[in-house]
Amino acid sequence: MTATTTPATTVTVLRDVRPWGGERSDLHVADGVITAVVAHDPNAHASTTRTPGTTDPGVVDGGGLLALPGLVNAHAHVDKSWWGKPWVSYGGEPGTQGRIAHERAHRDELGIPGVDVTLAVLRESVRTGTTAVRSHVDVDLGVGLRGIEVVREAVAALGGAVHAEIVAFPQDGVLRRPGVLDLLDQAAAAGAEHIGGLDPASIDRDPVGQLDGLFAIAERHGVGIDVHLHDGGELGAFQIELMIDRTLRTGLQGKVNVAHGFAVGQLAGSRQADLVAAMGEAGITMSTVAPIGAAPLPLHALRAAGVPVGLGTDGIRDLWSPYGTGDLLTLTTQLARLSGFRYDEDLVTAARIASADAARFVGREVHDLVVGAPADVVLVDAENVPDAVVRAPRRALVVAAGRVVARDGELLV
Ligand SMILES: [Zn+2]
């Protein structure tokens with residue numbers, strides 16, 4: 001089976017696809033939104049039934065392929081990749097601090113931040129089916145807010161092929177770099193959807209101070225908070241508890257995310273269960289990049305407690321690490337393996353984490369193959385969703401906001 005499209009890129013009907021591996025269906029699209037999902041009618045919109053000269057260029061044949069919603073990258077750093085450039089050998093010291101210093105020393109040589117580097121990694125992401133991204137973008141005393149402007153420009157240049165929300169990210173620390181809180185405030189005032197934080201205890205050595213500063217800005221501007229928390233064990237759990245307290249106090253339920261949160265996977269028994277329950281009650285979300293070697297997050301417990309989990313790539317081929325391709329479906333395979341998933345329903349859960357269930361990570365009420373959702377669709381030649389998750393086959397067709405943006409693994413924008 002192969003997907004075929006007409007030359008036009010704006011879709012009015014995506015015919016003969018199997019949403020989530022279900023019955024063959026036709027998806028009707030208008031203004032970039034799914035307006036109807038109906039049982040596939042072999043006689044409707046088929047080229048053989050068209051009167052010559054009246055063909056509808058917006059009818060795209062899905063060839064009976066499996067349809068998933070566009071993939072959602074809930075944790076990216078699209079401002080700092082060297083994707084598409086000659087190989088860059090890693091030369092920094094080990095550890096978070098070593099990587100931060102290495103990046104600050106060498107990013108200018110790679111043109112980071114720059115529209116071209118961001119476009120390169122975004123285009124590769126779109127090609128592999130990602131249609132929405134929450135990206136952290138470095139904000140620091142060196143680049144100021146320039147990275148955010150660069151990412152906005154790159155996203156705009158793709159003309160709707162990818163939807164992006166931005167986290168103004170203090171990669172180099174907050175309180176330890178006087179002036180960064182002001183930059184985050186300016187970023188929020190200028191439209192960044194979220195402000196970030198970084199290991200309030202181990203980087204700033206003042207968890208209460210950093211979090212109080214972030215929550216004050218978020219409260220003032222109504223933006224979200226998304227904190228990188230590598231600190232493990234009880235130190236990490238303590239900081240999550242600080243975030244829970246402040247979320248409840250400021251009424252920011254649903255707008256606060258813990259990224260990585262290795263501590264949650266490391267805690268045992270009732271300590272883990274109680275923390276997960278408290279996170280659910282406070283409307284905290286979590287994002288993971290499914291890192292090899294880390295204790296897996298308790299995905300089922302988190303979801304049962306009402307803690308949405310998003311999946312992200314983290315940095316892709318950057319000055320922190322040469323790894324990563326931007327292919328979120330391949331990363332979904334990794335998430336499933338790290339989680340020990342083998343039952344079909346668990347593999348479907350992994351696919352949902354990478355797509356429909358991540359709607360709120362990109363500011364959407366709904367992101368699914370349903371009426372009212374953005375027409376973001378990925379077609380793959382797979383028997384069912386579990387098969388797609390474990391094999392991550394080539395993306396046969398990618399539709400974003402109702403436009404065909406990639407076909408047979410080739411980018412069209
Ligand atoms: Zn990150």
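Here, residue 1 is the first one in the sequence, and each next residue gets the next number. Atoms within each ligand, like the ligands themselves, are counted from 1 in listed order.
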If you measure only the distance, is there a donor-acceptor pair under 3.5 Å linking the side chains of Asp314 and His77?
->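 The criterion, which ignores hydrogens and geometry beyond distance, is satisfied for His77 and Asp314.
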Under 3.5 Å, is there a donor-acceptor pair linking the side chains of Asp226 and His75?
->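 No - no donor-acceptor pair under 3.5 Å links their side chains.
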Could you check which N/O/S atom of Asp314 is closest to the Zn ion (ligand 1)?
->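 The Asp314 atom nearest to the Zn ion (ligand 1), restricting to N, O or S, is OD1.
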Verify the distance test for His260 against the Zn ion (ligand 1): any N/O/S atom under 2.8 Å, yes or no.
->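 Of the N, O and S atoms in His260, none lies under 2.8 Å from the Zn ion (ligand 1), which means no.
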Got an N, O or S from His136 under 2.8 Å of the Zn ion (ligand 1)?
-> no
Identify whether the distance between the nearest side-chain nitrogen and carboxylate oxygen of Arg99 and Asp318 falls below 4.0 Å.
-> no
Let me see the working for Asp140 and Arg177 under salt bridge (Lys or Arg N to Asp or Glu O under 4.0 Å), right down to the final yes or no.
-> CA-CA 8 Å; Asp140 58 44; Arg177 301 285 184 245; over 6 Å; no
Could you grab the angle centred on the Zn ion (ligand 1), going from NE2 in His77 to NE2 in His228, to 10°?
-> 100°
